[in-house]
Every structure is written in C-alpha cells, then in structure tokens.
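Structure record follows, encoded as structure tokens.
Note that the structure is predicted; figures quoted are calculated from it, not measured. Start at 1 with the first residue, then count along the sequence.
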Amino acid sequence: MAGTTPRPTSRTRSWWGWGWTDAHPDDAECAAMGALLPGTLSHPLPVPRVRDLGIGSSAVEPPRSLDHLVTADPGDRAAHAMGKAYRDVVRALRGRPGRIPDLVARPTDERGVSDLLDWAGERQVAVVPYGGGSSVTGGVEYRGDAHRAVMSLDLTAMGRVLEVDTEGRAARIQAGTLGPSLEDQLRPHGLTLRHFPQSFEFSTLGGWLATRAGGHYATGRTHIDDFVQSLRVVTPAGTSSSWRLPASGAGPSPDRLFLGSEGALGVITEAWVRLQVRPRHKASAAVAFADFHDALRAVRAIAQSDLSPANCRLLDAGEAALSGAARDGCAVLVLGFESADEPVTARLEQAVGLARSYGGRYDAATGPDENSGEAPAGDAAVSAWRSAFLRMPYLRDGLARMGAVAETFETAATWDRIPGLIDAVRSEVGEAARKATGHPASVNCRLTHVYPDGAAPYFTVLAAGRAGDEVALWDDLKAVASEVLHRHRATITHHHAVGRDHRPGYDRQRPEPFALALRAAKGALDPRGILNPGVLVD
C-alpha cells in the first residue's frame with residue numbers, strides 16, 4: 001500500500017542560514033541579543049545576497065540526456081554550497097562561501113542517480129550528495145581543487161513513501177523525503193517513524209541514514225540505525241540492495257557499511273524502515289537540581305532502570321536559563337514518557353521519584369500531566385525548553401550577524417568519564433575563548449541522550465567574536481574542544497556525523513585496521529574518487 005503525495009509549501013528556505021526566511025530575527029532582535037554579549041558589533045551584518053557573490057558560469061555542461069535533471073541557476077548553486085553550521089553562516093555573511101557547485105542535479109528516480117554518477121565519473125566531476133542541507137560538520141560542501149567541476153546531487157525530488165506494510169509495521173521510503181512529508185504520508189495509516197532530530201523540518205531520511213542521525217528518543221532507539229530493515233544504495237560500481245529482514249546473523253551487515261557513510265561510498269536512494277503506532281498517551285515533567293553533579297547521578301539511575309523514558313534531557317544552569325526552563329541557577333531534568341497502548345503517568349512518577357532521591361526538586365502541586373492527544377503534556381519548564389529548542393538555530397544566526405560566536409558540539413562517553421569531561425570542556429574552551437577575545441565566554445551543557453553505560457553531552461558556546469575573523473576563532477575553539485574529547489576518550493561526534501570538520505578527530509579515533517578496510521571499500525565502490533571527496537577517507 002503506497003503513501004500519499006507529499007504536500008508542497010509556499011515558504012522560502014534561507015540560502016545562507018537556518019530554516020525559513022520569514023522566521024529569522026530582524027535587525028532589532030539581532031541587536032538586542034548582541035547587547036547581551038560583550039564585544040559584539042554595534043549593528044548587525046547585512047543579510048547576504050546571492051548576486052553579491054559574483055557566481056560565474058559552470059565549468060562543465062551535462063549531456064542533453066541529463067539536461068532536464070540539472071540546473072546551473074546561481075541561487076540554487078549558492079544554496080547548495082554549504083551546510084548550516086556556524087562557520088557556514090559566517091562565511092555567507094562575509095561573502096566567502098567557498099567553492100560554489102557548478103551544477104545542482106535533482107534526479108527523480110534511481111536511473112537518474114545512476115546516469116548522473118556515470119557521467120560525473122567520465123568527466124571527473126565531484127558529486128556531493130545532498131538531502132536537506134542541514135549538515136553542521138561540513139558534510140555537503142566541496143573543499144579543494146582536485147576535480148574539474150562539482151555537482152550537488154539533491155535527492156529531494158525523490159520524496160515519496162512507496163509502500164506501507166501495516167501488518168509488519170514498516171515502510172519503503174525514498175531517501176529524499178523530508179521529515180514533515182514523511183510523517184504526513186504515514187499519518188493516514190496510523191503509523192509513524194517517530195524520528196525527530198532538531199533538524200526534522202529541514203532534513204531527509206537519506207540524510208539521517210547517511211549521518212547516523214540521532215532522534216528525539218533519549219533512551220532506547222536513539223539513532224536512525226535502530227529503525228532500518230534494509231537499504232538500496234547506488235554506487236559507481238553498481239547498486240547494493242539488502243534483503244528486508246527483522247534480523248540476521250549472516251556475516252557483517254551490508255547496511256552497516258552505508259549507515260554513516262555520508263555519501264562517500266554511494267548514494268542511498270531508499271530504505272525499508274520500522275514504524276510504530278502513533279502514541280496516544282504522553283506525560284512529562286521537569287525536575288530542578290541545585291547541584292549539577294547530583295543531577296548527573298539521578299540521570300544515570302534513571303538510564304539504568306527499566307523505565308525507558310522517551311525524553312531524559314538534563315540542562316545545566318546555563319542551558320536552563322537560555323531556554324527559560326529555570327532562572328534560579330538550578331539545573332533542570334526534562335522527563336517525558338509516551339505509549340500507544342497504556343497510560344504512562346506511573347512510569348513518569350517512578351522516574352520523578354528516582355530524581356528526587358538524588359536531590360531533585362519537583363512541584364507536586366502541578367503533578368505529572370497525562371495527555372492522550374497529540375500535543376505533549378507537562379509543566380511550563382518543559383514547554384519553555386521545547387520552544388527554545390526549535391527556535392535556537394534561528395537565534396544563533398542572529399547572533400552570528402552581530403559578530404558573536406554561537407555554536408554547539410556534541411559527544412558521548414562512559415559514565416565514569418562524564419563528570420570530568422564536562423568540567424574540562426567548560427573550563428578549557430571557556431578559557432580559550434577568553435584569551436582569544438578578551439571577554440568571558442559561556443560554555444553550557446545538556447545531556448541529549450542517555451544510556452545505561454554512558455551519556456551524550458551537548459555543549460553550547462556563546463562568546464564575543466573577532467570581527468572578520470569569526471571562522472578562524474571558532475575553528476580554534478573547536479580544536480581545543482576536540483583535544484579535550486580525545487583526552488577523555490569521548491567520541492568526536494555522537495550524532496552530527498564526521499563531515500569535513502570532524503575528520504581530524506575521526507582519524508585519531510578509529511582503529512587503523514578499520515581505516516584500511518574503509519579505504520579499500522572506497523576504492524572498490526568509487527574507483528574514480530568522485531563521491532563526496534574528503535569525507536571519512538581520502
């Protein structure tokens with residue numbers, strides 16, 4: 001049974017910044033935010049214009065047989081030149097976006113993908129697979145000059161749910177399907193993938209798979225990997241199509257080769273993914289802690305219980321203040337439970353009880369709130385956090401216009417390393433920013449995903465910039481952070497992928513025999529080296 005046709009939207013995506021153009025902070029809001037940080041600009045940088053980039057003609061022309069799939073429109077090319085990291089936004093604001101792709105291709109089926117790869121291989125054109133363009137690690141841009149031309153391969157014209165198996169609760173979905181369209185097409189069947197990264201509105205199934213994206217579940221099924229039954233991947237060496245199976249022990253998994261491969265080994269075109277019945281019962285609550293380390297112990301206890309909360313996000317005092325969840329210097333633990341079958345209030349009450357046993361403060365007068373509708377339930381702190389979570393990328397771009405550094409990075413480590421890791425990142429990155437700018441910086445932390453054996457800290461850095469040199473400043477701060485992560489044996493990324501920005505840390509983290517095998521796979525599947533050059537392996 002097929003899904004419905006995706007609905008179009010009349011809103012306009014920003015070519016240079018996050019999200020919708022009509023949702024960006026105006027000049028007055030940018031200036032008001034900048035006034036809260038010392039050392040920022042007196043006036044916001046102007047919104048960049050494509051015509052000011054001086055984009056020249058394409059260095060290559062496709063054959064007539066592919067002309068209907070390809071455009072050299074300057075606006076399209078500028079919008080596909082970079083992802084949406086802080087350094088990307090600043091480069092656009094400063095008129096230095098880097099290598100602009102010569103062409104943007106939008107295949108509508110696998111044959112089109114295959115034909116485009118064949119042509120690109122013959123002409124030595126680099127191909128950068130592109131979903132929603134929400135990469136924050138340099139994963140969708142080309143760096144260097146080893147190829148005569150660059151083509152951005154935009155998969156969003158392949159945006160349909162092709163087949164729904166209601167008995168097996170699974171669907172075959174094209175890789176270019178954006179998050180909202182995916183859920184719209186599943187809704188008539190009463191099913192949901194329920195994978196909601198922060199970029200949900202502006203990212204695709206294929207992008208989630210290629211980057212091993214993390215979703216909204218804080219425990220259990222935290223990554224898109226957990227939902228995959230099978231993949232179809234077009235490579236220059238042929239098409240890989242794994243069997244749709246509930247599980248298999250037949251050797252190394254072919255799907256695992258392409259999950260997280262970031263378009264360097266092939267182009268993911270569709271996948272069978274596991275679905276679930278839409279939840280009817282939801283409940284949430286917020287617990288305050290005067291001591292952050294007490295809160296860490298509470299989260300560990302909850303993660304090691306069998307309660308399995310959908311949301312178990314710990315905000316330190318700085319994060320809580322930024323989101324409006326608390327302004328009294330307390331850390332806040334945001335808890336949420338959901339189920340399609342039974343009320344979840346009892347589980348929430350157990351989790352709150354565990355948190356209180358470690359010093360958490362919960363206002364029993366409001367009580368855990370059960371909601372059988374689609375909207376999440378809970379108290380004001382939960383609602384404030386959720387609103388700030390979705391608004392934050394827009395505010396980051398507003399601060400970038402004021403010359404400030406406003407960016408995030410994430411990691412994961414075992415529980416024995418978590419307290420020392422968080423303290424070290426806060427102190428060392430904060431001190432590096434102070435020395436570089438002459439102004440104090442704010443380095444805040446939240447836990448986004450938690451496991452019985454560890455957690456994923458997510459850091460937010462707010463600091464004064466260096467006018468005209470913001471990118472170099474952020475790169476220096478990121479290098480300091482990467483050194484701290486390496487010293488504490490914390491991963492270079494938990495769910496934002498390697499891209500190009502994390503490549504040095506990834507090279508240090510992975511075992512050399514695995515790197516040898518990965519390079520061999522790259523050589524076998526992409527012998528001409530055209531697929532997303534510089535990502536994962538050289």
Residue R13 excluded, over 12 heavy atoms near CZ under 6.0 Å: yes
Would you sort out whether S181 and Q185 count as a side chain to side chain donor-acceptor pair (under 3.5 Å), showing the intermediate values? CA-CA 6 Å; S181 176; Q185 294 179 72; 3.0 Å; yes
Pair [X] + [Y]: ring centers closer than 6.0 Å:
X    : Y    : value
H502 : H496 : no
H494 : H449 : yes
W415 : Y451 : no

Would you call [X] and [Y] a salt bridge, taking side-chain N to carboxylate O under 4.0 Å as the test?
X    : Y    : result
D109 : R160 : no
D165 : R244 : yes
D88  : K84  : no

Within the side chain of [X], is there an N or O that forms a donor-acceptor pair under 3.5 Å with the backbone of [Y]?
X    : Y    : answer
N532 : G139 : yes
T437 : A433 : yes
E183 : R194 : yes
T408 : T460 : no
Q304 : P452 : yes
R212 : L259 : no
H488 : E483 : no
R94  : D469 : no
D102 : V60  : no
S427 : A424 : yes

Does NZ or CZ of [X] fall inside the cone over [Y]'s six-membered ring, less than 6.0 Å from its centre and within 45° of the axis?
X    : Y    : value
R87  : W474 : no
R148 : Y142 : no
R503 : Y506 : no

Run K478 and D475 through salt bridge (charged side-chain N to carboxylate O under 4.0 Å, His left out) and show every step you take. CA-CA 5 Å; K478 190 66 176 285; D475 288 347; over 6 Å; no
Do [X] and [Y] have side chains that approach each other closer than 4.5 Å (heavy atoms only, starting at C-beta)?
X    : Y    : value
V405 : Y86  : yes
I173 : L182 : yes
L421 : R487 : no
D507 : R510 : yes
Q198 : Y458 : yes
L117 : L531 : yes
E141 : R99  : no
V267 : T235 : no

Hey, mind stepping through R313 and L333 against side-chain contact (heavy atoms from CB on, under 4.5 Å) and telling me if it holds? CA-CA 6 Å; R313 305 196 181 223; L333 173 59; 5.9 Å; no
Before giving the answer on side-chain contact (heavy atoms from CB on, under 4.5 Å), spell out for R106 and V70 the whole-Å C-alpha distance, their side-chain angles and the decisive distance to 0.1 Å. CA-CA 6 Å; R106 290 186 175 87; V70 176; over 6 Å; no
Can you list the steps and then say if R528 with E122 is a salt bridge (charged side-chain N to carboxylate O under 4.0 Å, His left out)? CA-CA 9 Å; R528 289 170 168 156; E122 292 169 1; 5.5 Å; no
Hey, what do you get for [atom1] ([X]) to [atom2] ([Y]), rounding to the nearest 0.5 Å?
X    : Y    : atom1 : atom2 : answer
I268 : L155 : CD1   : CG    : 9.0 Å
E201 : S134 : CD    : OG    : 11.5 Å
L231 : W272 : CG    : CH2   : 13.0 Å

Test salt bridge (charged side-chain N to carboxylate O under 4.0 Å, His left out) on D115 and R111 and set out the steps. CA-CA 6 Å; D115 289 347; R111 175 63 184 271; 3.1 Å; yes
Do [X] and [Y] get their side chains close enough for a donor-acceptor pair, meaning under 3.5 Å?
X    : Y    : result
T269 : R232 : no
N311 : H216 : no
E410 : T493 : yes
E262 : T211 : no
W208 : S203 : yes

On a heavy-atom basis, which atom in T156 and which in G131 lie closest, and how many Å separate them? CG2-O, 3.4 Å
Restricting to non-hydrogen atoms, name the atom on G159 and the atom on T177 that form the minimum distance, rounded to 0.1 Å. C-OG1, 3.1 Å
After noting the C-alpha distance and the side-chain angles of T414 and D416, does the key distance pass the side chain to side chain donor-acceptor pair (under 3.5 Å) rule? CA-CA 6 Å; T414 52; D416 60 316; 2.5 Å; yes
R466 and E470: side-chain contact (heavy atoms from CB on, under 4.5 Å), yes or no, with the steps? CA-CA 5 Å; R466 291 193 305 240; E470 296 92 347; 5.9 Å; no
Would N444 and S442 count as a side chain to side chain donor-acceptor pair (under 3.5 Å) here? Give the steps. CA-CA 6 Å; N444 302 319; S442 170; 3.1 Å; yes
As a quick check of understanding, evaluate side chain to side chain donor-acceptor pair (under 3.5 Å) for Q509 and T491, giving each step before the final call. CA-CA 7 Å; Q509 179 178 326; T491 182; 3.2 Å; yes
Would R274 and D226 count as a salt bridge (charged side-chain N to carboxylate O under 4.0 Å, His left out) if you check the C-alpha gap in whole Å, the side-chain angles of each, and the deciding distance to 0.1 Å? CA-CA 8 Å; R274 299 179 178 91; D226 302 313; over 6 Å; no
Step by step, would you call I418 with L296 a side-chain contact (heavy atoms from CB on, under 4.5 Å)? CA-CA 9 Å; I418 287 291; L296 286 176; 4.2 Å; yes
